[in-house]
Enquirer: 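Please find one structure pasted underneath; my questions will follow.
Computed from a predicted model, the values in this text were never measured in an experiment. In what follows, residues are counted from 1 in the order of the sequence shown.
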Amino acid sequence: MKRTRQARTVLLLAFACGMAAAHPVEAEADFGAFLSRWREAVVANDAEALAGMTQVPFLFESEPHDRADVARSVVPALLTDDVRRCLRTAPPLREDDRYVLSCTPYLFYFGRVGGQWRWLEFAADGEG
């Protein structure tokens, strides 16, 4: 009886670990596809495409910006030539349920909204 309980416990733990591991791998693959599209838009300097992958309203200079504002003012202000060069190859770092790209002087945060990956926000890189 005791062996049966132990075996059941081991199987349940293995199943739970497998389920927990499946989600991050799927999320990483899904994020990888999003990041490829985002980087293509960065390389092309396609502000409209980047704005389409951004969660709006997007807070910039203490003001919320809609999609048109993101394309017109946010993208050109944040994604300078140096930052765009860095974003081509910056490794994504997982931070809880988000990913972060670090390109001096900013950190770029990405997360899921309504099942879709989006550029959520940016922050000044205190180490940059």
Side-chain angles (χ1 to χ4, degrees):
M1 182 72 147
K2 188 171 182 172
R3 272 186 189 219
T4 305
R5 250 187 262 158
Q6 287 174 339
R8 193 175 338 158
T9 301
V10 168
L11 286 173
L12 286 173
L13 285 173
F15 178 75
C17 288
M19 293 300 291
H23 179 68
V25 170
E26 181 182 304
E28 287 176 19
D30 194 30
F31 178 72
F34 167 81
L35 184 58
S36 285
R37 289 190 315 275
W38 199 79
R39 283 184 166 158
E40 287 172 11
V42 167
V43 168
N45 202 18
D46 187 343
E48 293 293 328
L50 290 164
M53 292 182 264
T54 302
Q55 177 61 30
V56 292
F58 188 86
L59 192 60
F60 178 68
E61 295 182 335
S62 302
E63 295 289 327
H65 292 270
D66 64 14
R67 204 163 308 290
D69 288 337
V70 169
R72 184 177 40 252
S73 58
V74 175
V75 169
L78 294 179
L79 277 68
T80 63
D81 289 341
D82 287 341
V83 170
R84 286 192 356 262
R85 248 186 314 280
C86 172
L87 287 170
R88 293 176 190 170
T89 58
L93 303 173
R94 188 145 178 108
E95 188 176 280
D96 297 322
D97 61 341
R98 296 174 159 197
Y99 285 92
V100 182
L101 297 179
S102 177
C103 287
T104 303
Y106 304 114
L107 298 169
F108 296 85
Y109 291 86
F110 304 90
R112 283 186 183 275
V113 177
Q116 300 291 315
W117 285 101
R118 296 280 182 234
W119 175 22
L120 300 175
E121 62 183 333
F122 76 101
D125 182 358
E127 295 180 22

Enquirer: With a 3.5 Å distance limit and no angle check, can you tell me whether Arg118 reaches the backbone of Gly111 through a side-chain donor-acceptor pair?
Expert: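 Absent.
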Enquirer: Using every non-hydrogen atom in the two residues, find where Ala51 and Arg67 come nearest and quote the distance to one decimal.
Expert: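 Shortest heavy-atom contact: O-NH1, 2.7 Å.
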Enquirer: Ring pair (Phe, Tyr, Trp, His ring centres under 6.0 Å) for Trp117 and Phe31? Distances and angles first, verdict last.
Expert: CA-CA 7 Å; Trp117 285 101; Phe31 178 72; 4.9 Å; yes
Enquirer: Sequence neighbours excluded, which residues qualify as salt bridge (charged side-chain N to carboxylate O under 4.0 Å, His left out) partners of Arg88?
Expert: none
Enquirer: Quick one: which of Leu35, Thr89, Leu93 gives a side chain to side chain contact (heavy atoms under 4.5 Å, CB included) with Leu101?
Expert: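 When Leu35, Thr89, Leu93 are each tested with Leu101, the side chain to side chain contact (heavy atoms under 4.5 Å, CB included) holds only for Leu35.
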Enquirer: Where is the tightest heavy-atom contact between Ser102 and Ala90, given as atom of each residue plus distance?
Expert: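 For Ser102 versus Ala90, the nearest heavy atoms are O-CB, 4.0 Å.
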Enquirer: Please check if the side chain of His65 supplies one atom and the backbone of Phe60 the other of a donor-acceptor pair under 3.5 Å.
Expert: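 The answer is yes, because a donor-acceptor pair under 3.5 Å joins these two groups.
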Enquirer: Taking only residues two or more places apart in sequence or in another chain, which ones pass side-chain contact (heavy atoms from CB on, under 4.5 Å) with Val83?
Expert: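 Partners of Val83 under the side-chain contact (heavy atoms from CB on, under 4.5 Å) test: Thr80, Leu87, Cys103, Pro105, Tyr106, Phe108.
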Enquirer: Considering non-hydrogen atoms only, spot the tightest contact between Ala71 and Glu48 and give its length.
Expert: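 It is CB-OE2, 3.5 Å.
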Enquirer: Below 4.5 Å, heavy atoms only, C-beta onward: do Leu107 and Phe122 meet side chain to side chain?
Expert: no
Enquirer: Quick one: closest heavy-atom pair of Leu50 and Trp38, and the distance?
Expert: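 Scanning both residues, the minimum pair turns out to be CD2-NE1, 3.4 Å.
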Enquirer: Would you indicate whether the side-chain heavy atoms of Val100 and Arg94 approach each other to under 4.5 Å?
Expert: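 They are not in side-chain contact.
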Enquirer: Salt-bridge test for Arg98 and Glu121: reply yes if a basic N is under 4.0 Å from a carboxylate O, no otherwise.
Expert: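 Yes.
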Enquirer: Please assess Tyr109 against Trp119 for the test ring pair (Phe, Tyr, Trp, His ring centres under 6.0 Å), listing each intermediate value before the final yes or no.
Expert: CA-CA 6 Å; Tyr109 291 86; Trp119 175 22; over 10 Å; no
Enquirer: State, to 0.1 Å, how close Gln55 and Leu120 come at their nearest heavy-atom pair, and which atoms those are.
Expert: CB-CD2, 3.9 Å
